[in-house]
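See below for the structure under consideration.
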Amino acid sequence: MLRLIWEVGLEKSSIALLSQKIKISPGNIYYYFRGKEEIINSLCFYCSDLLSSAIKPKEYEAFYDNCSIEILEREFKSFITKMIIFYKNNPHIINYITVINGSSYIKQEMKKKIRLEKDIYWKFLEKLKENKAIKDVSTSILISFITSVMHDMVVQDVVLNNLTLDDKKIDALFNLIWSGLSSE
């Protein structure tokens, strides 16, 4: 379904198209899922769990309160770099996450899970704003900015133009993100 959403978009994705794409009958899909909404929510849990296992957000909790701004910035770079590498290896997931943002298909339970996943973003960004290391604008806007830059780089350059995203380009991408956030 991730590839189908990539190809035709969320609204045009359907059980019928999915069954054609994976060459099974719609009945087989309905045996496991009640419909498109359930598949979309299952994919949310799946994508969220994959991202969490790659980034390991719990590892960053120690850096929020009692650390220097230099350490906070270093850990934020580590966090963003892990996200970039994850999305580079899973471009359909960043496309999916971008597409479902605000979707009416997402159940309240899933929205809460997504909000918890964003908490690490919020904590990093709020602490960086508090220390005047980044612009003092809405944290939601900052998250959207970061996600958009990563999405555009991964989708446009890596997937569509078959460019490689080596360590040098990952650093350049982080620096682009940081320059957009930085208050200097």
Side-chain angles (χ1 to χ4, degrees), residues 2 6 43-103 106 108-161 163-184:
L2 288 173
W6 175 280
L43 281 173
C44 271
F45 278 106
Y46 170 75
C47 293
S48 181
D49 288 347
L50 276 180
L51 181 58
S52 286
S53 67
I55 294 173
K56 299 176 181 30
K58 297 279 185 205
E59 292 178 3
Y60 294 95
E61 288 180 354
F63 298 102
Y64 299 133
D65 295 321
N66 301 315
C67 69
S68 68
I69 191 65
E70 292 80 19
I71 292 172
L72 188 64
E73 288 175 7
R74 183 191 72 218
E75 294 303 319
F76 184 68
K77 180 177 182 177
S78 166
F79 172 73
I80 295 297
T81 300
K82 284 182 182 179
M83 287 184 70
I84 293 167
I85 291 167
F86 173 79
Y87 288 137
K88 175 189 94 167
N89 296 327
N90 302 282
H92 293 91
I93 291 178
I94 193 168
N95 182 69
Y96 180 72
I97 288 170
T98 304
V99 167
I100 62 146
N101 194 14
S103 170
I106 305 302
Q108 199 60 36
E109 175 188 356
M110 190 60 230
K111 288 180 182 177
K112 287 180 186 174
K113 183 170 176 49
I114 291 169
R115 176 69 178 111
L116 289 174
E117 295 295 323
K118 284 186 177 179
D119 275 352
I120 189 165
Y121 260 145
W122 284 89
K123 289 177 183 176
F124 263 125
L125 294 171
E126 289 297 322
K127 196 69 171 174
L128 290 165
K129 284 194 303 187
E130 181 182 306
N131 286 288
K132 302 196 183 331
I134 62 172
K135 294 177 177 121
D136 189 15
V137 297
S138 161
T139 305
S140 295
I141 291 171
L142 296 174
I143 290 172
S144 293
F145 167 74
I146 294 166
T147 305
S148 295
V149 170
M150 283 191 281
H151 176 268
D152 288 352
M153 177 64 139
V154 169
V155 172
Q156 296 299 321
D157 291 346
V158 176
V159 176
L160 299 178
N161 296 319
L163 299 177
T164 58
L165 197 54
D166 57 16
D167 289 344
K168 188 176 178 180
K169 288 181 185 163
I170 289 171
D171 274 348
L173 180 54
F174 175 78
N175 290 333
L176 174 66
I177 290 169
W178 188 253
S179 70
L181 298 175
S182 181
S183 61
E184 296 173 5

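None of these values were measured; they are calculated from a predicted model.
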- Message: Just so I know, are the side chains of F76 and L125 near enough to count as touching, which here means a heavy-atom distance under 4.5 Å?
- Response: yes
* To do: Decide yes or no for I146 and L181: does some side-chain heavy atom of the first lie under 4.5 Å from some side-chain heavy atom of the second?
  =>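 Touching, per the 4.5 Å side-chain cut-off.
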Under the side chain to side chain contact (heavy atoms under 4.5 Å, CB included) rule, collect the residues that match up with [X], sequence neighbours excluded.
X    : result
K129 : E126, I134, D136, T139, L142
N175 : none
K56  : E59
S140 : W122, S138

S53: side-chain hydrogen bond (donor to acceptor under 3.5 Å, both in side chains) partners, not counting sequence neighbours =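 Result, side-chain hydrogen bond (donor to acceptor under 3.5 Å, both in side chains) vs S53: none returned.
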* Quick one: side-chain hydrogen bond (donor to acceptor under 3.5 Å, both in side chains) partners of S78, sequence neighbours excluded? ->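 Listed in chain order: Y60.
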Give the minimum heavy-atom separation between [X] and [Y], together with the two atoms involved.
X    : Y    : result
K135 : G180 : NZ-O, 2.8 Å
A133 : W178 : O-CZ2, 4.1 Å
W6   : P91  : CZ3-O, 3.5 Å

Sorted by chain and residue number, the salt bridge (Lys or Arg N to Asp or Glu O under 4.0 Å) partners of K77 (sequence neighbours excluded) come out as D171
According to ring pair (Phe, Tyr, Trp, His ring centres under 6.0 Å), who are the partners of H151, at least two apart in sequence or on a separate chain?
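With neighbours one apart ignored, the set is empty.
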Q) Does any N or O in the side chain of S148 come within less than 3.5 Å of the main-chain N or O of S144, such that one atom is a donor and the other an acceptor? A)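 Judged by distance alone, yes, a pair lies under 3.5 Å.
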### Derivation of the side chain to side chain contact (heavy atoms under 4.5 Å, CB included) call for L51 and I93
CA-CA 9 Å; L51 181 58; I93 291 178; 5.9 Å; no
Just wondering, are more than 12 heavy atoms of other shown residues or ligands nearer than 6.0 Å to CG in D167? no
Notebook entry, point to check: Looking at Y87, F145, F174, which one forms a side-chain contact (heavy atoms from CB on, under 4.5 Å) with M150?
Noted result: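 The side-chain contact (heavy atoms from CB on, under 4.5 Å) with M150 is passed solely by Y87 among Y87, F145, F174.
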message = Between L176 and V149, does the side chain to side chain contact (heavy atoms under 4.5 Å, CB included) criterion hold? Intermediate values first, please.
response = CA-CA 8 Å; L176 174 66; V149 170; 3.8 Å; yes
